[in-house]
A.B. asks: 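For reference, the structure I am asking about is given below.
All of these numbers come straight from a predicted model, not from anything done at the bench. Note that ligands are numbered from 1 as they come in the structure, with each ligand's atoms numbered from 1 the same way.
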Amino acid sequence: MSHVLPWVWKAESKRLLWLLGLTFALIVTFQYFDLPYSISSLFSSTKIPVSRNSTSLIGDREHRNSNLTPAMAPSFSQNNSTLVDDSAPAAFPPSLPTPNSSPVKENATAVAPAASVEGPAALPGLKPSPVKDNATVHVPSAKAPAALPSLNPSPVNENATGPVASAGNPPSLPMPSTKKDAGDASPVVRFVPEVKENFKKSDPVVMSISEMSKQLRQNRISLNRIAKKPKWVTKPDLELLQAKRDIENAPIDDKDPLLYAPLYRNVSIFKRSYEMMEKMLKVYVYKEGDKPIMHTPKLGGIYSSEGWFMKLIESNNKYVTKDATKAHLFYLPFSSQMLVETLYVKNSHSHRNLIRYLKDYIDFISIKYPFWNRTSGADHFLAACHDWAPSETRKHFSSSIRALCNSDVKEGFVFGKDTSLPETYVRDPKKPLSNIGGKSASKRPRLAFFAGQPDHGYVRPILLSYWGNNKDPDLKIFGKLPRSKGNKNYLQFMKTSKYCICAKGYEVNSPRVVEAIFYDCVPVIISDNFVPPFFGVLNWESFAVFVFEKDIPNLKKILMSISERRYRQMQMRVKRVQKHFLWHVKPEKYDMFHMILHSVWFNRVFQISV
Ligand SMILES: *[C@@H]1O[C@H](CO)[C@@H](O)[C@H](O)[C@H]1NC(C)=O
Ligand SMILES: *[C@@H]1O[C@H](CO)[C@@H](O)[C@H](O)[C@H]1NC(C)=O
Ligand SMILES: *[C@@H]1O[C@H](CO)[C@@H](O)[C@H](O)[C@H]1NC(C)=O
Ligand SMILES: *[C@@H]1O[C@H](CO)[C@@H](O)[C@H](O)[C@H]1NC(C)=O
Ligand SMILES: *[C@@H]1O[C@H](CO)[C@@H](O)[C@H](O)[C@H]1NC(C)=O
Ligand SMILES: *[C@@H]1O[C@H](CO)[C@@H](O)[C@H](O)[C@H]1NC(C)=O
Ligand SMILES: *[C@@H]1O[C@H](CO)[C@@H](O)[C@H](O)[C@H]1NC(C)=O
Ligand SMILES: CC(=O)N[C@H]1CO[C@H](CO)[C@@H](O)[C@@H]1O
């Protein structure tokens with residue numbers, strides 16, 4: 001352990017050791033609540049069957065406001081502790097009472113808070129003791145290729161009751177570091193608490209795209225049913241209800257030359273909904289909030305989609321209204337990137353102050369105006385691209401519509417409420433369209449291409465171990481590409497490969513998905529449980545390939561099994577869907593700005609209940 005945490009020993013501080021212990025207990029606790037799935041990969045015999053159903057549903061208020069909360073917000077020093085995220089209680093699988101509720105979950109709620117309340121008492125052995133007894137301990141090997149077997153769903157061990165530290169072998173706390181990643185592997189700093197990262201391994205329970213669609217359909221019905229009625233009904237509510245009826249009864253219209261039907265779940269519905277949005281949508285943008293966290297759009301880099309959206313909506317005069325009583329939606333103009341850059345204490349691994357900031361903002365506007373309280377924020381929305389945004393916003397924005405880049409089924413993404421925000425890597429904010437496009441289908445000699453930081457997340461080492469180092473001349477799978485002027489190499493590969501591999505990094509999202517589309521390359525998404533952008537309206541499987549992480553060894557076989565005809569069809573569709581993924585300094589019909597706005601509108605319309 002000493003080589004893992006040299007500074008601990010140097011400091012010779014019992015207090016630090018104690019904190020470390022507490023930290024670990026908290027990690028375990030936190031993980032247990034936060035990532036019901038990843039705990040099952042950490043201790044791979046512990047499978048929590050309830051999670052899939054529950055993570056994608058909205059929790060009932062009682063649960064959220066239960067007395068878990070104080071227990072999960074410990075008051076001890078945060079210095080050098082770890083990722084202590086007071087959004088944790090909300091992360092607790094928010095669920096409707098479901099028949100699938102397992103004893104595992106019940107134990108977790110009963111045990112974990114006690115552990116953190118009692119603090120020292122619960123610490124000896126670093127184990128939340130009540131949980132440990134019958135659990136089977138299995139800490140997967142950290143080595144990537146060896147981690148592969150655990151990709152396969154392991155049989156459920158019903159005895160395993162929860163997280164337990166293997167004796168004398170707690171998962172190591174890596175030294176804090178920053179995260180760098182971008183489509184072309186150029187140095188863009190991402191801040192990520194590596195402690196949490198270490199817990200993220202592949203998860204045996206994977207939600208396929210068709211299961212996601214099913215969940216979306218179910219939630220469209222159930223969210224609407226369980227939605228809290230607004231405290232009073234307004235004219236915009238009634239307008240939304242009318243819009244909903246109109247959209248549901250959309251006339252069949254699949255011949256619009258601008259909307260190629262196979263790209264959409266239901267082109268008639270999308271078309272009608274978009275028209276209704278154009279016709280009636282009014283958005284109120286809060287003026288409150290200090291720069292730089294609020295009202296400061298960043299237009300370059302990998303988080304720029306939140307910035308572009310903020311800039312374009314704040315300067316928009318078609319959809320934005322100054323009269324909040326006319327608004328169907330309320331936009332919360334904060335930047336998750338600026339929030340981290342401004343408030344995150346380096347190496348603190350704590351989000352608490354970030355979450356606090358957002359909470360204070362909500363408190364402020366909910367006292368000053370009646371709008372938030374009227375719907376508990378259900379008609380409020382945010383667009384946030386930073387990796388941490390899901391956890392920062394999970395608790396206090398649990399009713400609000402969150403457009404998130406890190407749209408991970410297992411990080412509390414709620415189908416039908418939240419929307420998947422495209423992650424875009426804008427290299428030149430003045431010319432967001434430069435270098436767009438690529439070779440035609442017949443002029444793409446390479447089967448597949450990937451390049452990116454090799455050590456980000458658990459998937460890439462696996463990908464590289466199977467296909468890196470030119471193991472197969474058809475698959476160009478690289479770690480970092482040698483630097484070239486203007487990223488020529490990277491762009492060249494994207495423009496001349498048939499398939500562009502979008503392998504997840506630390507988180508499910510990657511700028512490569514939009515990049516592939518941008519360069520007319522068919523995206524191959526290897527990122528289990530990633531909800532692709534505009535999932536509510538687009539039929540992703542018509543123009544992209546989804547490969548389970550566990551199928552990486554079969555990657556070539558999978559790609560080779562796609563016929564040339566099918567490939568050409570998908571590539572043509574990629575070109576047709578491209579317009580939805582473009583930024584324009586002056587927004588254009590159906591472009592990314594409008595699609596983001598539409599995704600929020602669409603979810604609001606279908607959740608409306610009065
Ligand atoms: C989810 O719950 C339903 C019943 O509500 C059940 O039929 C289904 O098998 C459950 N799915 C999972 C993955 O637990
Ligand atoms: C945490 O560390 C900062 C300096 O890094 C110090 O100012 C602060 O008082 C510390 N907080 C506690 C609770 O120890
Ligand atoms: C926190 O840890 C860093 C090393 O990671 C150390 O330099 C710093 O002094 C520590 N701060 C406290 C308050 O213990
Ligand atoms: C767990 O172990 C305790 C004793 O250590 C025993 O009383 C209890 O029945 C066991 N529970 C299960 C589910 O095996
Ligand atoms: C696991 O459960 C089975 C029956 O459910 C029981 O026979 C077995 O002893 C249990 N194992 C442990 C370690 O508790
Ligand atoms: C699309 O939605 C419309 C309106 O609800 C419906 O009439 C039509 O059958 C749907 N089309 C498809 C292909 O599902
Ligand atoms: C909204 O609710 C909060 C908490 O319940 C309360 O403090 C606040 O005064 C309310 N706002 C308005 C405008 O009534
Ligand atoms: C609510 C509760 O305590 N559920 C179960 C927790 O796990 C033990 C076994 O470890 C069961 O006996 C409880 O029923």
A.B. asks: On a heavy-atom basis, which atom in F415 and which in M212 lie closest, and how many Å separate them?
C.D. replies: CZ-CG, 3.5 Å
A.B. asks: Could a heavy atom of W372 be found less than 4.0 Å from some atom of ligand 7?
C.D. replies: no
A.B. asks: Would you mind listing which atoms of ligand 7 come within a distance below 4.0 Å of any non-hydrogen atom of Y369?
C.D. replies: 13 (C)
A.B. asks: With hydrogens left out, which residues have an atom under 4.0 Å from ligand 6, given that only heavy atoms count?
C.D. replies: E248, A250, I252, N266, I269
A.B. asks: Look at E564 together with K498 and state whether they make a salt bridge at an N to O cut-off of under 4.0 Å.
C.D. replies: yes
A.B. asks: Under 3.5 Å, is there a donor-acceptor pair between the side chain of S268 and the main chain of A250?
C.D. replies: no
A.B. asks: S366 heavy atoms, cut-off 4.0 Å: which ligand 7 atoms fall inside?
C.D. replies: 1 (C), 8 (C), 10 (C), 11 (N), 12 (C), 13 (C)
A.B. asks: I'd like to know if D379 and R374 make a salt bridge, using a cut-off of under 4.0 Å between side-chain N and carboxylate O.
C.D. replies: yes
A.B. asks: Using atom types as modelled and distance alone, determine if a side-chain donor or acceptor of K417 lies under 3.5 Å from a backbone N or O of S400.
C.D. replies: yes
A.B. asks: Would you say that more than 12 heavy atoms from the other residues, nucleotides or ligands in this model lie under 6.0 Å from the NZ of K279, or not?
C.D. replies: no
A.B. asks: Hey, mind stepping through T424 and W583 against side chain to side chain donor-acceptor pair (under 3.5 Å) and telling me if it holds?
C.D. replies: CA-CA 9 Å; T424 61; W583 290 119; 3.1 Å; yes
A.B. asks: For K214, look at atom NZ and say whether over 12 heavy atoms of other residues, nucleotides or ligands are found less than 6.0 Å away.
C.D. replies: no
A.B. asks: Relative to the heavy atoms of N373, which atoms of ligand 7 are at a distance of less than 4.0 Å?
C.D. replies: 1 (C), 2 (O), 3 (C), 8 (C), 10 (C), 11 (N), 12 (C), 14 (O)
